[in-house]
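Each chain gets a letter, A, B and so on, in the order its sequence line appears, and its residues count up from 1.
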Protein chains: 2
Amino acid sequence: MTTVRRSDATRAAILEAARERFASDGYERATIRAIARDAGIDPSMVMRYYGNKEGLFAAASEVEIGLPELGALPARHIGAVLVTHFLERWERDEVLTAMLRVGVTNEAGAARMQAIFAQQLGPVTRGVCPDPEDAPRRAALVASQILGMALTRYVLRLPPAVAMSTEEIVAWLGPTVQRYLTAEAP
Amino acid sequence: MTTVRRSDATRAAILEAARERFASDGYERATIRAIARDAGIDPSMVMRYYGNKEGLFAAASEVEIGLPELGALPARHIGAVLVTHFLERWERDEVLTAMLRVGVTNEAGAARMQAIFAQQLGPVTRGVCPDPEDAPRRAALVASQILGMALTRYVLRLPPAVAMSTEEIVAWLGPTVQRYLTAEAP
DNA sequence: CATGTTGGTCAACGCTTGTTGGCAACGTTA
DNA sequence: TAACGTTGCCAACAAGCGTTGACCAACATG
């Protein structure tokens with residue numbers, strides 16, 4: 001029942017500009033004025049449509065990770081599948097990069113990143129790891145490796161991390177994630 | 001031959017307050033005024049002693065990692081030794097957390113973090129990994145896991161990552177780092 | 001035609017930021 | 001005592017920020 005408003009194009013332009021700015025500048029340096037300039041409209045429009053800067057970020061970081069079919073997969077390859085999926089998702093657009101950058105200096109951003117990973121990674125680990133009780137710990141280990149690669153590759157841009165192909169990364173990180181999920185506790 | 005100035009205590013207080021603020025707030029939100037307030041002096045003193053905000057950060061992020069004796073170690077345990085050493089270094093003070101936080105939103109901070117890791121991790125990988133040619137790639141992999149754990153544990157503070165003991169972390173990450181350094185390329 | 005709603009600009013507000021220069025107090029040295 | 005460099009505070013500056021409210025044009029509806 002959502003009718004098409006005449007301002008939908010503007011709203012979308014604002015959101016796109018916001019995602020770019022948040023991804024490349026972080027929360028504080030991504031100013032509403034700059035976002036509005038990128039979108040080709042007046043800063044006050046941003047306020048009208050998204051209330052304030054926090055609301056804008058909340059809208060810009062609305063994200064569906066879309067985890068793959070977990071149960072239907074061969075449990076032996078789940079590590080590689082997870083790494084592949086996250087790399088693809090990370091390179092599709094800038095939303096996750098924005099969330100990572102913002103999450104480091106902004107409380108709301110950190111909470112959002114935390115929620116997404118818990119929500120998406122939690123079920124996978126619970127279904128796969130040997131002892132369901134330390135599923136959270138294993139999820140955190142997996143997150144540390146995946147976020148660490150995202151950090152070095154997409155944010156800090158360490159040259160060797162940028163130069164690697166996704167296949168290489170999967171070949172190296174896949175077994176790590178696999179072990180964090182399924183190996184006996186050391 | 002460096003004479004003791006009467007203002008050395010003030011300089012040190014400024015530096016300590018700056019490290020704390022940069023570590024907990026990141027570059028933009030760590031204001032000179034707040035740092036001066038913490039140090040109990042006037043903001044203009046910060047300018048006099050460190051020139052400007054960038055100079056203050058440069059001084060506050062002067063860091064020696066102090067890598068352990070690389071050659072004298074059993075090559076089989078180098079993974080665990082590295083993880084242990086970085087965890088200890090990370091928890092000794094807030095400098096590395098500050099650099100990580102700042103490196104995410106600030107170009108100079110990213111460069112600094114990059115330099116430190118290249119400088120400290122480079123020699124170790126070159127001496128240990130099978131093919132010296134892809135030492136940089138292996139160093140980047142190690143950095144991705146170590147920085148990823150630092151990110152989830154000290155910056156994002158994912159509860160399970162915070163709750164783990166250092167021994168647990170070493171037991172989980174040690175083999176990962178070991179493999180990144182010494183295993184045949186997959 | 002008149003009227004209300006929507007999409008948009010403009011100018012300003014109050015506030016905080018990094019940064020600067022003047023000025024007073026102190027310690028040292030001549 | 002007199003001159004001087006050091007240490008510190010105070011007050012202000014220009015710029016940039018998020019945010020607000022008045023106002024205008026276009027459109028839809030009666």
- In this structure, CE of B/M149 is separated from CD1 of B/I169 (nearest 0.5 Å) by 4.5 Å
- Task: Can you label the angle between the B/Y154 ring and the B/W90 ring as parallel, tilted or perpendicular, going by 30° and 60°?
- Result: parallel
- Query: Which residue pairs pass the salt bridge (charged side-chain N to carboxylate O under 4.0 Å, His left out) test with at least one member in residues 7-19 of chain B, sequence neighbours excluded?
  - Reply: B/R5-B/D8
- Note on the structure: Heavy-atom nearest pair, B/Q114 first then A/P159, reads NE2-CD, 3.3 Å
- Query: Hey, are B/S61 and B/R112 close enough side-chain-wise for a donor-acceptor pair under 3.5 Å?
  - Reply: yes
- Task: Each residue besides B/M47 in its hydrophobic cluster should be listed here, by chain and number; the cluster joins Ile, Leu, Val, Met, Phe, Trp and Tyr at side-chain heavy-atom distances under 4.5 Å.
- Result: B/I14, B/L15, B/F22, B/Y27, B/I32, B/I35, B/I41, B/M45, B/V46, B/Y49, B/Y50, B/L56, B/F57, B/V102
- Can B/Q145 and A/S144 be counted as having a side-chain donor-acceptor contact under 3.5 angstrom? yes
- chain A reaches DNA chain D, atoms under 4.0 Å from its heavy atoms, from D/dC17 to D/dG21
- Message: Strictly by side chain to side chain donor-acceptor pair (under 3.5 Å), give each pair with a member in residues 31-41 of chain A just once, sequence neighbours left out.
- Response: A/R21-A/D38
- Establish, from distance only, whether the side-chain atoms of B/Y180 and A/T176 form a donor-acceptor pair under 3.5 Å. yes
Do any N or O atoms of the protein come closer than 3.5 Å to N or O atoms of nucleotides 17-24 of chain C, and which pairs are they?
from, atom 1, to, atom 2, distance (Å)
C/dG18, OP1, B/I32, N, 3.4
C/dG18, OP1, B/K53, NZ, 3.1
C/dG18, OP2, B/I32, N, 3.1
C/dG18, N7, B/R33, NH1, 2.5
C/dG18, O6, B/R33, NH1, 3.3
C/dG18, O6, B/R33, NH2, 3.2
C/dT19, OP2, B/K53, N, 3.0

- Item | DNA chain D contacts made by residues 5-24 of chain A, counting heavy atoms under 4.0 Å | none
- Item | Lys/Arg N to Asp/Glu carboxylate O, A/R101 vs A/E94, below 4.0 Å | no
